[in-house]
Amino acid sequence: MLIQIKNLNVRNIALALFLCLLIAELTFVGTSIYSEGRPRFIPYGYSRHEFTNDSLVVVMPINENTDTQFYRNQWLGDYLHTVCDFDGPDCSLSCNAKSTYETLDKKTICFTNILKQEFKHVNFFIKLDDDALVDKEYVRDMIEKYKGYNRPVYISDFILNLDGQNPVLDGSYYGNGKFYMFNRALLDCINTEIKYKGRRNEDAIFGAMVYNGCGPNVLKITEDDSKIWHKQYENKNKKIDLSALTNH
């Protein structure tokens, strides 16, 4: 009888300890993990599967009026590579010749060549306009879903290009310039040597380079527009104008 009571007490104690640990885990929203022997607080909403410099690069063409501080303080700041045509601390990828709106197509070819040559270790890329935002969880979901694909992946809001003057552009699809995302396999097959007449939309040129280099094997994924904001961010109690000031 005494042995049975002792066993019962041991079981009760073990169960009580388990329940205490479970309650502590559920009620403590932020938990601690150890890094280099010291605890680090993980706030609510944190994921241990953060991006690395090998998993993502965000490319943003800018001019001298772009507020890069705004974007460097967003989640994408650690992965941001600005594309510019001027010297300065805000410039990450330089395309030398002074560009204007009329020469953005050449700027697109330039940064695509840089990505092909200098970022061979990176798996995913985003091109984002300087008046747009994209949801971090959405980007993470896309990376998790399409990582390891040998097939070229192209994510955007696609537009059919009908250009009778340029066969290399005619019949191709290109992503809306505010946001498009693609993987390393697409960069490996993209053709930056296409020849065309006249000035053309820079995003159409990117789509044509994909069309001529990668062919019909491209997996085109339509973006989720509810996760991308262009010119204006509006959600719950926030309404933010992302467009450029009229005096700039």
Side-chain angles (χ1 to χ4, degrees), residues 57-63 81-85 93 95 97-117 119 122 124-134 138-139 142 145-146 149-232 242-244:
V57 159
V58 179
V59 175
M60 179 179 291
I62 67 170
N63 58 45
H81 291 265
T82 55
V83 182
C84 49
D85 50 20
L93 308 178
C95 285
K98 190 71 175 177
S99 67
T100 65
Y101 181 78
E102 297 299 319
T103 59
L104 285 175
D105 53 342
K106 305 302 182 185
K107 201 171 188 177
T108 297
I109 295 172
C110 172
F111 78 66
T112 303
N113 276 323
I114 294 174
L115 295 180
K116 281 175 65 72
Q117 297 164 10
F119 293 85
V122 178
F124 285 91
F125 303 83
I126 290 173
K127 183 268 183 179
L128 192 69
D129 276 352
D130 68 353
D131 57 359
L133 287 175
V134 60
Y138 174 63
V139 172
M142 293 298 97
K145 185 172 183 178
Y146 297 109
Y149 264 52
N150 293 323
R151 186 177 174 185
V153 175
Y154 191 8
I155 306 168
S156 192
D157 182 13
F158 294 101
I159 302 167
L160 174 62
N161 190 358
L162 299 176
D163 189 336
Q165 295 182 341
N166 289 289
V168 295
L169 278 70
D170 194 40
S172 63
Y173 284 87
Y174 64 95
N176 190 310
K178 67 179 185 293
F179 166 91
Y180 52 84
M181 183 173 179
F182 50 97
N183 65 351
R184 179 72 231 180
L186 185 137
L187 264 188
D188 287 339
C189 62
I190 200 170
N191 179 10
T192 59
E193 303 297 324
I194 63 170
K195 305 297 181 184
Y196 57 94
K197 299 176 183 177
R199 190 264 164 188
R200 291 295 185 267
N201 175 282
E202 68 274 17
D203 304 309
I205 294 303
F206 187 87
M209 293 190 297
V210 172
Y211 177 69
N212 286 271
C214 305
N217 191 41
V218 177
L219 179 60
K220 293 192 289 295
I221 310 298
T222 301
E223 69 188 34
D224 182 351
D225 274 334
S226 70
K227 305 297 184 182
I228 301 161
W229 299 271
H230 187 219
K231 297 190 181 296
Q232 181 171 288
L242 300 172
S243 57

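The residues of the chain are indexed from 1 along the displayed sequence.
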query: If you measure from CG on Asp105 to SG on Cys110, what distance do you get to the nearest 0.5 Å?
result: 12.0 Å
query: For Lys197 and Asn166, which heavy atoms make the closest approach, and how far apart are they?
result: N-OD1, 2.5 Å
CD-OG1 distance between Glu202 and Thr112, expressed to the nearest 0.5 angstrom: 11.0 Å
task: Name all pairs fulfilling the ring pair (Phe, Tyr, Trp, His ring centres under 6.0 Å) condition that reach into residues 210-232, sequence neighbours left out, sorted by first residue then second.
output: Trp229-Tyr233
- line: Here the gap from Ile155 atom CD1 to Leu219 atom CG, rounded to the nearest 0.5 Å, amounts to 8.0 Å
field: side-chain hydrogen bond (donor to acceptor under 3.5 Å, both in side chains) involving Asn217 - partner list, sequence neighbours excluded
entry: none
field: Test ring-ring contact (aromatic ring centres under 6.0 Å, His included) applied to Tyr154 - qualifying residues, sequence neighbours left out
entry: Phe158, Phe206
- request: Sequence neighbours left out, what passes side-chain hydrogen bond (donor to acceptor under 3.5 Å, both in side chains) with Ser226? Give chain and number order.
  value: Asp224
What donor-acceptor contacts under 3.5 angstrom involve side-chain atoms of residues 173-181, with partners at least two apart or in another chain?
{"unit_1": "Asn176", "atom_1": "OD1", "unit_2": "Lys178", "atom_2": "N", "d": "3.2"}
{"unit_1": "Lys178", "atom_1": "NZ", "unit_2": "Glu223", "atom_2": "OE2", "d": "3.0"}

query: Got a sec, which residues hit side-chain hydrogen bond (donor to acceptor under 3.5 Å, both in side chains) with Lys231, two or more places apart in sequence or on another chain?
result: Asp131
Compile the donor-acceptor pairs under 3.5 Å between side chains in residues 187-195 and protein atoms, sequence neighbours left out, one pair per line.
{"unit_1": "Asp188", "atom_1": "OD1", "unit_2": "Arg184", "atom_2": "NE", "d": "3.0"}
{"unit_1": "Asp188", "atom_1": "OD1", "unit_2": "Arg184", "atom_2": "NH2", "d": "3.1"}
{"unit_1": "Asn191", "atom_1": "OD1", "unit_2": "Glu193", "atom_2": "N", "d": "2.9"}
{"unit_1": "Thr192", "atom_1": "OG1", "unit_2": "Asn113", "atom_2": "OD1", "d": "2.8"}

task: Would you indicate whether the side-chain heavy atoms of Leu169 and Ile205 approach each other to under 4.5 Å?
output: yes
message: Do Asn183 and Leu186 make a side-chain contact, defined as non-hydrogen atoms from C-beta onward lying under 4.5 Å apart?
response: yes
field: Reported CG-to-CE distance for the pair Asp130 and Met60, which is rounded to 0.5 angstrom
entry: 6.5 Å
query: Do Val210 and Phe182 have side chains that get closer than 4.5 Å, going by heavy atoms?
result: no
message: With heavy-atom distances below 4.5 Å as the criterion, would you say the side chains of His81 and Phe119 are in contact?
response: yes
- request: With sequence neighbours excluded, give me every salt bridge (Lys or Arg N to Asp or Glu O under 4.0 Å) pair touching residues 157-174.
  value: Asp163-Arg200
message: Could you report the tightest heavy-atom contact between Arg151 and Val218, atom names first, then the distance?
response: NH2-O, 3.7 Å
- prompt: For Tyr138, which residues count as a ring-ring contact (aromatic ring centres under 6.0 Å, His included) partner, sequence neighbours excluded?
  reply: none
query: Near Lys116 NZ, under 6.0 Å, is it more than 12 heavy atoms from other residues, nucleotides or ligands?
result: yes
Set of residues satisfying side-chain hydrogen bond (donor to acceptor under 3.5 Å, both in side chains) with respect to Asp129, sequence neighbours excluded: Lys127
